[in-house]
Every structure is written in C-alpha cells, then in structure tokens.
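Structure record follows, encoded as structure tokens.
From a predicted model like this one, the values you see are computed outputs, not experimental measurements.
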Amino acid sequence: MKHYLGDRTIDGVKVTVDGAPLDPCVDVVEFSKNGFEWSYEGPEPRQLALALLVDHLGDKAKARAMVEPFMSAVVANFGNEWEMSSADIDEALTALSGKAVA
C-alpha cells in the first residue's frame, strides 16, 4: 500500500509517495507550470489530482477521467498538511464512481 504526503514548508509545497517526490505527470497533461497546490479548485490542485491518480491507478486514461471530481471532492479540501494511503484513494474513487468525465 502506498502512502502519499503533502506539506507546505518554508521552501514551498512538498508532495511525496512513499518518501520519494511525486511525479507531476506533465507528460500526461500539463494543467500548470507552477507545480502542485491544494485547498482550492484550480490548475495546481488539478495537477496534483492527476499525479495522485496516475500514480495510484497506473492508468493515464482513467486518471484523466477522474481528475475533476477527485480534485473538487478531495484535493480542494486538503489542509496545509495531508496524507492519504492507497486505500483512502480507493475509498474516494468509490464514492465518486459515476462522476468521471469522458
């Protein structure tokens, strides 16, 4: 099971998966050149949602389809520091099932 962690530090935001930096997946879609952010809806939280979903699902098409609902329901509601496990992401995706965007 993977463990995702986000933190706002004096040096900026830091997002890791199992202790390693999370790939922003700009090769899939580049929503923002400014990296990751959270706690609101916008391009940087959208990039984070995509990166989390691509890493977790291992399926770029499924990740792209779930970016908007996952960003709105999950990433936009993160606090300054947050953590999620693979199980947490699965639970969120189950709750959002039927809300994918084609």
Tell me whether [X] contacts the main-chain N or O of [Y] through its side chain, where contact means a donor paired with an acceptor under 3.5 Å.
X: T16; Y: P21; result: no
X: W38; Y: G79; result: yes
X: S97; Y: T94; result: yes
X: N77; Y: A73; result: yes
X: E91; Y: S86; result: no
X: S39; Y: A76; result: no
X: D7; Y: T9; result: no

Check against side chain to side chain contact (heavy atoms under 4.5 Å, CB included), R64 and V54: CA-CA 8 Å; R64 287 183 67 176; V54 167; over 6 Å; no

Check salt bridge (charged side-chain N to carboxylate O under 4.0 Å, His left out) between D11 and all other residues, then give those that pass, not counting sequence neighbours. none

Between D88 and Y4, do the side chains contain a donor N or O and an acceptor N or O under 3.5 Å apart? no

Side-chain donor-acceptor pair under 3.5 Å between E44 and S32, yes or no? yes

Atom [atom1] of [X] and atom [atom2] of [Y]: how far apart are they, to the nearest 0.5 Å?
X: S72; Y: E41; atom1: OG; atom2: CD; result: 3.5 Å
X: K2; Y: H56; atom1: NZ; atom2: NE2; result: 9.0 Å
X: L96; Y: I89; atom1: CG; atom2: CD1; result: 11.5 Å

Would V74 and L5 show up in the same hydrophobic cluster when neighbours are defined by side-chain heavy atoms closer than 4.5 Å? no

Under-4.0 Å salt bridge between E68 and R46: yes

Near E30 CD, under 6.0 Å, is it more than 12 heavy atoms from other residues, nucleotides or ligands? yes

Does atom NZ (K14) have a neighbourhood of more than 12 heavy atoms from anything else shown, all under 6.0 Å? no

Grab the two heavy atoms, one from [X] and one from [Y], that are nearest each other, plus how far apart they are.
X: G42; Y: M71; result: N-SD, 3.9 Å
X: A51; Y: C25; result: CA-SG, 4.0 Å
X: D27; Y: K60; result: OD2-NZ, 3.8 Å
X: V29; Y: L50; result: O-CD2, 3.5 Å
X: F78; Y: L52; result: CE1-CD1, 4.4 Å

So, do F31 and V67 sit near enough that their side-chain heavy atoms are less than 4.5 Å apart? yes

Stepwise side chain to side chain contact (heavy atoms under 4.5 Å, CB included) test for L53 and L93: CA-CA 10 Å; L53 292 171; L93 292 174; 3.8 Å; yes

Evaluate V13 against L48 for side chain to side chain contact (heavy atoms under 4.5 Å, CB included), listing each step before the verdict. CA-CA 11 Å; V13 298; L48 176 56; over 6 Å; no

Let's go through Y40 and V75 carefully: what are the C-alpha distance in whole Å and the side-chain angles of both, what is the deciding distance for side chain to side chain contact (heavy atoms under 4.5 Å, CB included) to 0.1 Å, and is it a yes or a no? CA-CA 8 Å; Y40 66 94; V75 176; over 6 Å; no

R8 and E37: CA distance, side-chain angles, deciding distance, salt bridge (Lys or Arg N to Asp or Glu O under 4.0 Å) verdict: CA-CA 9 Å; R8 287 193 176 108; E37 249 310 340; 2.6 Å; yes

